[in-house]
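Report on the following structure.
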Amino acid sequence: MSITYFRRLHYSRLPLRCLHTANSEPTSTSTSTPNLFSDPLFKSKVSELISNQHWSQLKDLIKPFNPTSFLEQLLDSRFDSSSILGFFRWSQFYQVYHHPLEHLCRVLVLLVNDKKYPKVRSLLHDFVKNGKTYTVSSVFHTLLTCSDNVCANSIIVDMLVLSYVNNGKLDLALEAFRRAGDYGFKLSVFSCKPMLKGVVKEGKFEVGELVYKEMIRRRIEVDLYTFNIVINGLCKAGKLNKARDVMEDMKVRGIMPNEVTYNTLIDGYCKRGGDGKMYKADALLREMMEQGVSPNERTYNTLIDGFCKDDNVGAAIKLFKEMQLQGMRPDIVTFNSLIDGLFGDGKVDEALGLRAEMIRLGLEPNIRTYNVMINGFSKLKMFREAKELFDDVMKQGLDLNVLTFNTVIDAHSKAGKMEEAVALRELMLSKLICPTISTYNCLLGGYYRDGNVGAAKELLEEMEKKSVMTDLVTYNIRIDAMCKRGESRKAVRLLDEMSEKRLVPSHVTYNILMAGYCQDGNPKAAVTIRKRMEKEGKQPNIVTYNVLIKGFCQKDKLEEANALLNEMLEKGLVPNRITYDIIREEMIDKGFVPDIDGHLYKDTVNC
DNA sequence: TTAGGGTTAG
């Protein structure tokens, strides 16, 4: 029996409306279309051609038909789901044909009913990646018109959310998550977990928190990994108390925190824990041990790095020894953190000793090690050593990156060697390493330090021309330079320019401006900046107090300076070396007497 | 499936 036979046989039976060309605009056909498969021979031939993937023969056979009508007939005639999927895919990919959403939903329902989940996932993936973009509500609505099976529909929607996430369409995933309940679809942890992960990765912590709350409200199972993602999001948002609450919640729900949970929280405290953060982070280490959760290398690395950045290398070294006593081997991350901390503490010999120690243990210094060391030398004004190390790294043929160049450019600009700094930028360009805004900021700071306002202006113009986006640091550098030139009032006007560029001034910005006014001999104007800062929701920090106290001291307004010192102590801010070395000493010289709590009193007898 | 280290501004 030839194909021509089938064509002749059925061509005559077809209603005119089905005789479209294959690539005509798809339309959903009505149920009044005659059944093409009433002839068992035709049905069996089609079935055979599809299952054997004889697509050219099938194409020949159904040439006169609209593929959408043909698909609808296949669906109505209860063909097996594999055949229907086979035809669906073939017609879509080889005939560039977009079937109506309704047909896709019907195919999906069929596949779910047959428990062919990988095929559902694959079809949805293609639909999301390559298909026409439908609104979430149109997909949900169409699905409901095709099937009233809540379970099957929920599986499809769950997999749809996952496809949105996997194809970078997080907004659509979130909308689907939000609207699923309205349509009676129940999502699972399989889609919510990757969605949460994506949300946290994009820094949308508030959204992540809402998703978590909604998961709990909708009684969607939350597993250990999902709790860890939620805790990570809260930690990154600085909501450490809430992160701890979630850890308690998980225990109540019978899920015990693991080392990842604790490591995430410890990292949160190290980076955003505020006053006494390292005490709290260390307490968490002890707590996890008491709870029978063993710390690992990452736990110690996180704490060691935290202590180093908190100017407490002593505590970091103690943990370094503790981890080794417990049988853990420090790795490259441990050493890099410690070397950075030791340089920051001015302990160059110990830092170099650690580098030797890591090499002895078979750990090769990596580019981060070198960046830390170049930066360390530079901060200690050991510019010759910084340059020698950089040259050494170049000779070794290690992969230098943009941070290496930024570090070494900054070292040169701080040493007042602007010609070399500019030459280094040329060198990085020749190595196809693209300068970042930090590269420009390092150069800009160098020019201003040199008093070369003209070169700084030219660089700013170049940045504008090249559409380099200026950032908060660029403005802080510009504001600082203006203040140092005695143009504090002009510098304040840059705050408006920042606002136009949607840049939010930081503590550093305000502190620079306050220091500018104090340097101008106008601490009262500095206080107005403080008020502006507080209005923006930023409380004065230790630097703010140091700047203001110094400003009042220099004007011999010691009562005001003392009031600020007391205010700082009452707020629980711990005076730092600058407070003691420069300010308090100056006040004591001028007749103030310190007491055991750090407060100062006017010595009326000796004054 | 989840967690750690390097640059620029006070």
Side-chain angles (χ1 to χ4, degrees), chain A residues 189-190 193-194 196-198 200-201 223-233 235-236 257-268 270-271 295-306 308-309 330-341 343 365-376 378-379 400-411 413-414 435-446 448-449 470-481 483-484 505-516 518 541-544 546-547 550 578:
Chain A
V189 72
F190 292 110
K193 186 168 39 182
L196 255 175
K197 194 182 162 190
V200 169
K201 203 175 169 190
D223 61 13
L224 173 62
Y225 294 136
T226 315
F227 273 116
N228 286 345
I229 295 169
V230 173
I231 290 172
N232 187 27
C235 285
K236 297 275 186 300
N258 68 351
E259 69 281 9
V260 177
T261 323
Y262 276 104
N263 288 353
T264 309
L265 260 172
I266 287 172
D267 186 56
C270 286
K271 293 197 172 73
N296 58 19
E297 283 84 353
R298 280 198 179 199
T299 323
Y300 279 97
N301 284 353
T302 306
L303 279 160
I304 286 170
D305 191 61
C308 285
K309 288 196 168 58
D331 61 13
I332 187 92
V333 179
T334 330
F335 281 101
N336 286 350
S337 291
L338 280 169
I339 292 171
D340 194 23
F343 264 108
N366 62 12
I367 191 64
R368 288 188 184 212
T369 321
Y370 289 111
N371 288 348
V372 159
M373 292 181 70
I374 294 168
N375 186 47
S378 164
K379 286 267 163 62
L400 305 174
N401 60 25
V402 68
L403 296 181
T404 324
F405 276 99
N406 288 350
T407 306
V408 79
I409 285 172
D410 189 57
S413 86
K414 283 200 169 80
T436 61
I437 181 60
S438 301
T439 320
Y440 284 97
N441 288 342
C442 293
L443 290 168
L444 198 63
Y448 282 129
R449 267 188 299 270
T470 50
D471 67 0
L472 173 67
V473 179
T474 320
Y475 275 94
N476 288 346
I477 292 168
R478 287 179 65 193
I479 290 171
D480 187 48
C483 288
K484 288 203 167 86
S506 64
H507 271 100
V508 179
T509 322
Y510 291 113
N511 290 343
I512 291 170
L513 282 166
M514 285 180 234
C518 288
N541 63 15
I542 184 76
V543 182
T544 318
N546 285 350
V547 166
K550 191 176 173 187
I578 295 172

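Please read all numbers here as calculations on a predicted model, not as lab measurements. Letters go in sequence order (proteins before strands), and every chain restarts at 1. Just so you know, these numbers use all the heavy atoms, side chains as well, and skip hydrogens, waters and symmetry mates.
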Against the side chain of R368(A), the closest entry in dA9(B), dG6(B), dT7(B) is dG6(B)
N441(A) atom CG is separated from dG10(B) atom P, nearest whole Å, by 12 Å
To the nearest angstrom, the CD1-C1' distance between I409(A) and dG6(B) comes to 15 Å
Residue-phosphate contact under 4.0 Å: K379(A) side-chain N/O, dT8(B) OP1/OP2
yes
From CD of E259(A) across to C1' of dT2(B) the rounded distance in Å is 9 Å
Testing dA3(B), dA9(B), dT8(B) for proximity to the side chain of C442(A), the answer is dT8(B)
Out of dA3(B), dG6(B), dA9(B), minimum distance to the side chain of V260(A) belongs to dA3(B)
Between T261(A) and I231(A), the two heavy atoms sitting closest are CG2-CD1, 3.5 Å
In terms of heavy-atom contacts, N371(A) and T407(A) come closest through O-CG2, 3.9 Å
Out of dT7(B), dA3(B), dG10(B), minimum distance to the side chain of S438(A) belongs to dT7(B)
Shortest non-hydrogen pair, C518(A) vs V547(A), comes out as SG-O, 3.7 Å
Which of dT7(B), dA9(B), dA3(B) is nearest the side chain of R298(A)? It is dA3(B)
| message | Once you apply a heavy-atom cut-off of 4.0 Å, does I367(A) come out as touching a base, just sugar-phosphate, or nothing? | response | base
Quick note, D480(A) side chain, CB onward, closest among dG6(B), dT2(B), dG10(B) is dG10(B)
In whole angstroms, the gap separating P of dT8(B) from CZ of R449(A) amounts to 10 Å
Touch check for V543(A), heavy atoms < 4.0 angstrom, all strands: base, sugar-phosphate only, or nothing? base
* Asked: Reckon I332(A) touches a base, only the sugar-phosphate, or nothing at all at heavy-atom distances under 4.0 Å?
  -> base
inquiry  = Please determine whether any donor N or O and acceptor N or O are separated by less than 3.5 Å between the side chain of K197(A) and the base of dT1(B).
reply    = no
**OP:** Please state whether the phosphate of dA9(B), meaning OP1 or OP2, lies under 4.0 angstrom from any side-chain nitrogen or oxygen of K414(A).
**Re:** yes
T264(A) has its side chain closest, among dA3(B), dT7(B), dA9(B), to dA3(B)
Self-check item: Short side-chain N/O contact to dA3(B) OP1/OP2 from N232(A), under 4.0 Å
Solution: yes
Under 4.0 Å, counting only non-hydrogen atoms across every strand here, what does L403(A) touch: a base, just sugar-phosphate, or nothing? base
From CD1 of I231(A) across to P of dT2(B) the rounded distance in Å is 15 Å
Check whether any side-chain N or O of K309(A) sits under 4.0 Å from OP1 or OP2 of dG6(B), and answer yes or no. yes
Tightest non-hydrogen contact, residues I304(A) and S337(A), listed as CG2-CB, 4.3 Å
Against the side chain of N258(A), the closest entry in dA9(B), dT2(B), dG6(B) is dT2(B)
Rounded to whole Å, CG of N366(A) lies from P of dT7(B) at a distance of 13 Å
Rounded to whole Å, the CG-P distance (N375(A) to dA9(B)) equals 9 Å
Exercise for the section: Look at the side chain of N401(A) and the base of dG6(B), then say whether one donor and one acceptor between them are separated by less than 3.5 Å. Expected result: yes
What one should report as the nearest heavy-atom pair of C270(A) and T302(A) is SG-O, 3.8 Å
- Message: Quick check against the 3.5 Å criterion: does S413(A) have a side-chain atom that pairs as donor or acceptor with the backbone of C442(A)?
- Response: yes
For N406(A) and S438(A) the tightest heavy-atom approach is ND2-CB, 3.6 Å
Side-chain contact check for K193(A): nearest option of dT8(B), dG10(B), dT1(B) is dT1(B)
Among the nucleotides dT8(B), dT2(B), dG10(B), whichever has the atom closest to the side chain of K484(A) is dG10(B)
Whole-Å distance, D331(A) CG to dG6(B) P, equals 14 Å
